[in-house]
Amino acid sequence: MSADLAMFGGKPAVRPEYRRLEWPVVTQSDRDAVLSVLDSRKFTVGAKNETEIHGLESEWAAFCDTRYAVSVNSGTVALELALTALGLQPGDEVIVPALSYVATAMAPLFQLAIPVFVDIDPVTFNIDVTKIEAKVTNRTRAIVPVHLGGLPADMDEIRALAKKYDLFVVEDAVQAQGGKYRGETCGSIGDVGVFSLNVEKSIPTCGEGGLVVTDREDVAERVRSLRILGEDLSTEERLYVSATRGSNLKLSSVLAAFTRAQLARFWDYQEKRDANTPVFVDRLAKLPGIVVPTVPDDRTHMWHMLRFRFVPEAAGLDGVTPGRFRAALRRALLAEGVPLTHYQIIPLPGQPVFQEQNAYGNGFPWSLPGANPQRYDLADYPVTCQVIEDSLCLRRMHLNPGAGPALDEYATAFERVWEHLDRLGRFARAMPYEPPWHAVKNGARLPDEAAA
Ligand SMILES: *Cc1c(COP(=O)(O)O)cnc(C)c1O
């Protein structure tokens, strides 16, 4: 029997400096890129002979195999403008998965459109394509699949449904930059794809940013206009004439320059991550009761996030519920120094903003004339609830090009915990337990974090 678990007073398996890894990796080429913008004095997309934003947009379009890429100031804005540029109207419905970052479901509200949620697949954690059709109504206009964690969604099935019902497909490709699905590049598969340059993503900027990619010239042009107050951009000289409603949502040159330097190193980093991440995943796969991420043969995994599900019976723990097993494991592994997180403590439809159905006052957009009534009942998303209860995630910052030695210690920590499962099982049976989403009502405190 190895050393006692850290949660019971033993020495943690993971050294302190591996408890939180640094991302982005900032090198001299990033510094040079930023400083060159300061020296050029071309700070915005409107500056005469500006090169960084235009350069990033053409490099990003090439990277995604699309004709156009238009930069904006966040991934959330990229989603909002993509849906707007496709012509969504107030009261239209947008199908989104029940598990994602909240931005996916929030974006339709920008256009007073209404999110409609679909449960997830228990293996890929992406939208369950067998459950989409039942949610299509007379008001459905778009499907927004998310390539969650870096694994592409089932795009062929989604495209077939979109064709059948005349819907747009907007890929939330934020977590799958460079990913491939049956030979196609993530972001280029639907009508429009969106990306984020937030510091936590795989090709970051030194702040916030986003991109919309598409082969449709009209959509690219509309996004370009929407990001600058709906201006008519067809004139050679800027005349400050607004054709439509818009806002100021532009990326700035310093941020674009930083991202170009990161983009140039992306495949080098990805190669290292493609080497060190599977080694870690394979070690965990040997432990009974851990379900590791699956990578179907027809697509790549870009390792934005690893989600592990825990099955108490398979680990030999009878009478311990999956939620309790996960909660006890979180206590034990955090104590060992493995930086595991929940990624979402609640299915998206359970977020208070959707439960309230009142984004703009007076119940808008749900109260719009002709809008279909929505019931955002967690009971309709059983797989999302199960997955949130029985799984934990390792996020992007810990899946770095140089993370190999840290991942090695994380795996050792899991193995140590597995040697003490009997004691952990007793702990799990006795601990107070509520599902993670109860924290939404209880204040910020996660129930399983309460002292046992
Ligand atoms: C981060 C993220 C977004 C939003 O991007 P921001 O740049 O943070 O606004 C949207 N969707 C997914 C899946 C994300 O992970």
Side-chain angles (χ1 to χ4, degrees), residues 23-24 56 60 64 69-84 94-110 115 117-118 120-121 124-127 142-153 155 158 169-179 186-187 189-190 192-213 223 226-227 247-252 255-256 258-259 262-263 301-307 341-348 351 353 384 387-388 393-399:
W23 180 256
L56 174 64
W60 201 278
C64 292
V70 184
S71 62
V72 291
N73 60 3
S74 75
T76 304
V77 164
L79 280 163
E80 291 172 344
L81 297 195
L83 293 170
T84 305
V94 179
I95 290 178
V96 301
L99 186 67
S100 180
Y101 185 54
V102 72
T104 312
M106 190 84 82
L109 296 178
F110 180 77
F117 299 93
V118 171
I120 60 163
D121 179 277
T124 65
F125 312 126
N126 285 325
I127 193 166
I143 308 176
V144 184
V146 181
H147 306 313
L148 196 68
L151 184 69
M155 294 305 295
I158 290 166
V169 176
V170 175
E171 287 175 79
D172 182 335
V174 165
Q175 301 190 357
Q177 302 91 332
C186 291
I189 306 168
V192 185
V194 303
F195 294 91
S196 163
L197 303 177
N198 172 274
V199 277
E200 295 196 4
K201 316 299 183 186
S202 278
I203 308 175
T205 186
C206 46
E208 307 276 355
L211 287 136
V212 176
V213 300
V223 173
L226 287 164
R227 73 180 176 185
S247 188
N248 183 356
L249 305 164
K250 303 190 293 298
L251 188 69
S252 61
L255 300 176
F258 185 95
T259 298
Q262 291 277 334
L263 178 58
H301 201 309
M302 302 312 283
W303 314 124
H304 181 83
M305 186 165 63
L306 303 178
R307 184 181 285 277
T341 53
H342 290 274
Y343 182 81
Q344 307 307 326
I345 59 166
I346 187 167
L348 289 179
Q351 291 268 0
V353 56
T384 307
V387 166
I388 288 175
C393 295
L394 199 59
R395 296 181 66 171
R396 175 64 187 79
M397 71 181 86
H398 307 294
L399 301 169

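Residue indices begin at 1 and follow the sequence shown. Ligands are counted one by one from 1 in listed order, and the atoms in each one are counted from 1 as well.
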Can you name the closest pair of heavy atoms from Ala98 and Ile120 and give their distance?
N-CG2, 4.4 Å

Would you indicate whether the side-chain heavy atoms of Asn198 and Tyr101 approach each other to under 4.5 Å?
no

Scanning both residues in full, the closest heavy-atom pair of Cys393 with Arg307 reads SG-CZ, 3.5 Å

Does Arg396 have any salt bridge (Lys or Arg N to Asp or Glu O under 4.0 Å) partners at least two apart in sequence or in another chain, and if so, which?
none

Is the shortest side-chain heavy-atom distance between His304 and Lys201 below 4.5 Å?
yes

Taking all atoms of both residues into account, what is the closest heavy-atom pair of Ala82 and Val194, and its distance?
CB-CG1, 4.0 Å

Heavy atoms under 4.0 Å from ligand 1: which residues qualify?
Ser74, Gly75, Thr76, Ser100, Tyr101, Ala103, Thr104, Val146, Asp172, Val174, Gln175, Ser196, Asn198, Lys201, Gly209, Tyr343

